[in-house]
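Read through the structure below, which is laid out as structure tokens, and then see the notes.
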Amino acid sequence: MWVTTAPPDADGLRGLARQTVGLGQPVRAAIESMNGARFVHDQLELAGWEVEIADAQKVKGLAPLACKTDRIDAWVLAELARRELVPAIWLPTPEVRAERERARFRLHLVRHRTALKNRVHATLLAFGRPCPTTDLFGAGGRELLQRLGLPEPWAGTTAAAVTLIDDLEAQIDGCERELRRLGADHAYVPLLMTAPGIAWVLGYTIAAEIGEITRFADPKKLVGYTGLCPRVYQSGSRDHRGPLSKNGPKYLRWALIEAAVHAARHPVYRDHYQATKRRLGKQRGPAVARVEVARKLAQAIWHMLTTQAPFAPARPHAKALAA
């Protein structure tokens, strides 16, 4: 058995590939899913290797170890590859990766903008200046900020935050114009926008995170991919439901939950949402009800994209299907 290491950069991977040239047979490799795994995968594949990226959670289930080191992890992956048992993850195409990057970068900018706005509001509260206007960052709110006369350094940091907010607004507007332009030609986005709670930004995000709908054999597979299903712990006849599994892209979960907030008022989902809220009480009810609506939306999305038909429930209060 030959054991070696290589740095995960282009030169290191090319050197590793050169060391295997004389083996005279195809080289199979397995990589644990992590940041940078796609780059390693692509470089080794260009060198002629057969490469798979393994789902880290499933590998842990297949080979639970009390002692865990990088060397042992590498041995486990190599053994799984040798036996053709690697629980490989789906790799999006370059086009899908580009779609995801556009949608995710917009969300990244929005979160930074929200953090800056919250900081400005917190500064006003710290000096006993509650915001008397509904939009502190509109025309009236800007005039109010200029009149407050905060002491330094808070006046300077607040002015800098407002400038950054303006810069982010411009960047977000540019991202949204691009997403709207690209979404108009996307095969999935117009269909997704027919579902309650989904406008074009969420539609583009959901389409990018799903990728190819054909890789999901049924609605349950798509729902499982969203990570919106609770963990199930079974022992004998006992069945305990835990927190959400949170598998799959977190951005897809976010988009479906955002859509569920608005879809909960639609006649198709309203009664179920309200019944769940009442059953579980004020503390847990709203959050659990939103997740349930998000799961139902995911099921409807599978039918819509599989049949290439708009959202069309069979009857007003039935389970949502795209027929």
Side-chain angles (χ1 to χ4, degrees), residues 33-39 41 53 55-58 89-116 118 168 171-193 195-216 219-231 243-264 287-288 290-302 304-305:
S33 56
M34 58 183 178
N35 188 29
R38 183 59 189 257
F39 172 77
H41 169 278
I53 299 181
D55 186 313
Q57 291 297 323
K58 291 182 179 179
I89 64 173
W90 174 76
L91 293 178
T93 64
E95 292 76 18
V96 172
R97 291 173 64 196
E99 291 171 359
R100 288 182 172 184
E101 175 62 17
R102 293 186 184 99
R104 291 175 180 184
F105 186 63
R106 177 200 166 274
L107 180 58
H108 178 75
L109 295 179
V110 168
R111 287 175 173 170
H112 276 289
R113 181 184 63 183
T114 301
L116 286 168
N118 290 341
L168 287 171
Q171 294 286 340
I172 292 168
D173 288 343
C175 289
E176 290 180 349
R177 284 194 298 270
E178 185 179 21
L179 293 186
R180 186 186 291 272
R181 177 180 61 83
L182 296 171
D185 298 327
H186 199 289
Y188 292 166
V189 174
L191 289 173
L192 291 170
M193 289 175 61
I198 300 178
W200 60 270
V201 170
L202 289 181
Y204 189 95
T205 303
I206 292 170
E209 297 299 334
I210 288 176
E212 291 292 335
I213 193 63
T214 53
R215 62 196 181 97
F216 302 104
K220 290 183 179 179
K221 296 292 185 182
L222 177 57
V223 174
Y225 179 70
T226 67
L228 291 172
C229 297
R231 297 181 185 275
L244 297 181
S245 64
K246 295 188 178 180
N247 298 322
K250 62 181 179 181
Y251 302 95
L252 178 57
R253 284 193 298 279
W254 169 82
L256 289 170
I257 292 293
E258 284 290 309
V261 172
H262 303 284
V288 174
R290 280 194 297 271
V291 171
E292 288 191 359
V293 172
R295 284 200 294 265
K296 290 179 178 294
L297 272 176
Q299 293 172 355
I301 286 169
W302 185 88
M304 292 162 60
L305 299 185

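Predicted, not measured: the structure shown is a model, and the values here were computed from it. For this chain, numbers begin at 1 and follow the sequence in order.
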Taking every heavy atom of Ala255 against every heavy atom of Thr205, the minimum-distance pair comes out as CB-CG2, 4.0 Å

Closest heavy-atom pair, Tyr204 versus Val189, reported as atoms and distance to 0.1 Å, is CA-CG2, 3.8 Å

Q) Above 12 or not: heavy atoms from other molecules or residues under 6.0 Å from CZ of Phe105? A) no

Rounded to the nearest 0.5 Å, the CD atom of Glu95 sits from the NE2 atom of His186 at a distance of 10.5 Å

*asked:* Any heavy-atom pair between the side chains of Cys229 and Lys220 that's under 4.5 Å?
replied: no

Leu109 and Cys175 have their tightest heavy-atom pair at CD1-SG, 4.0 Å

Side chain to side chain contact (heavy atoms under 4.5 Å, CB included) between Leu305 and Leu222, intermediate numbers included:
CA-CA 11 Å; Leu305 299 185; Leu222 177 57; over 6 Å; no

When you compare the side chain of Arg104 with that of Pro249, does any pair of heavy atoms fall below 4.5 Å?
yes

- Could you tell me whether Arg253 and Glu209 have a side-chain N and a carboxylate O separated by less than 4.0 Å? no

Does the cation-pi check pass for Arg215 over Tyr225, that is, NZ or CZ under 6.0 Å from the six-membered ring centre and within 45° of its axis? yes

So CZ of Arg38 and CG of Leu91: to nearest 0.5 Å the spacing works out to 4.5 Å

Separation between OG1 (Thr93) and CD (Glu212), nearest 0.5 Å, reads 7.0 Å

Here the gap from Glu258 atom CD to Ile198 atom CD1, rounded to the nearest 0.5 Å, amounts to 12.0 Å

On a heavy-atom basis, the closest approach of Ala184 and Pro190 is O-CG, 4.4 Å

Q: Might you work through the side chain to side chain contact (heavy atoms under 4.5 Å, CB included) test for Glu176 and Trp200, ending with a clear yes or no?
A: CA-CA 9 Å; Glu176 290 180 349; Trp200 60 270; 3.5 Å; yes

Is any side-chain heavy atom of Trp254 closer than 4.5 Å to a side-chain heavy atom of Leu202?
yes

Tightest non-hydrogen contact, residues Asn247 and Gly224, listed as CB-O, 4.1 Å

Output for pair (Arg113 CZ, Ile172 CD1), nearest 0.5 Å, gives 4.0 Å

Side chain to side chain contact (heavy atoms under 4.5 Å, CB included) for Phe216 and Ile301? Distances and angles first, verdict last.
CA-CA 12 Å; Phe216 302 104; Ile301 286 169; over 6 Å; no

For Ala298 and Val223 the tightest heavy-atom approach is CB-CG2, 3.9 Å

Value for OH (Tyr188) from CD1 (Ile213), rounded to nearest 0.5 Å, stands at 6.0 Å

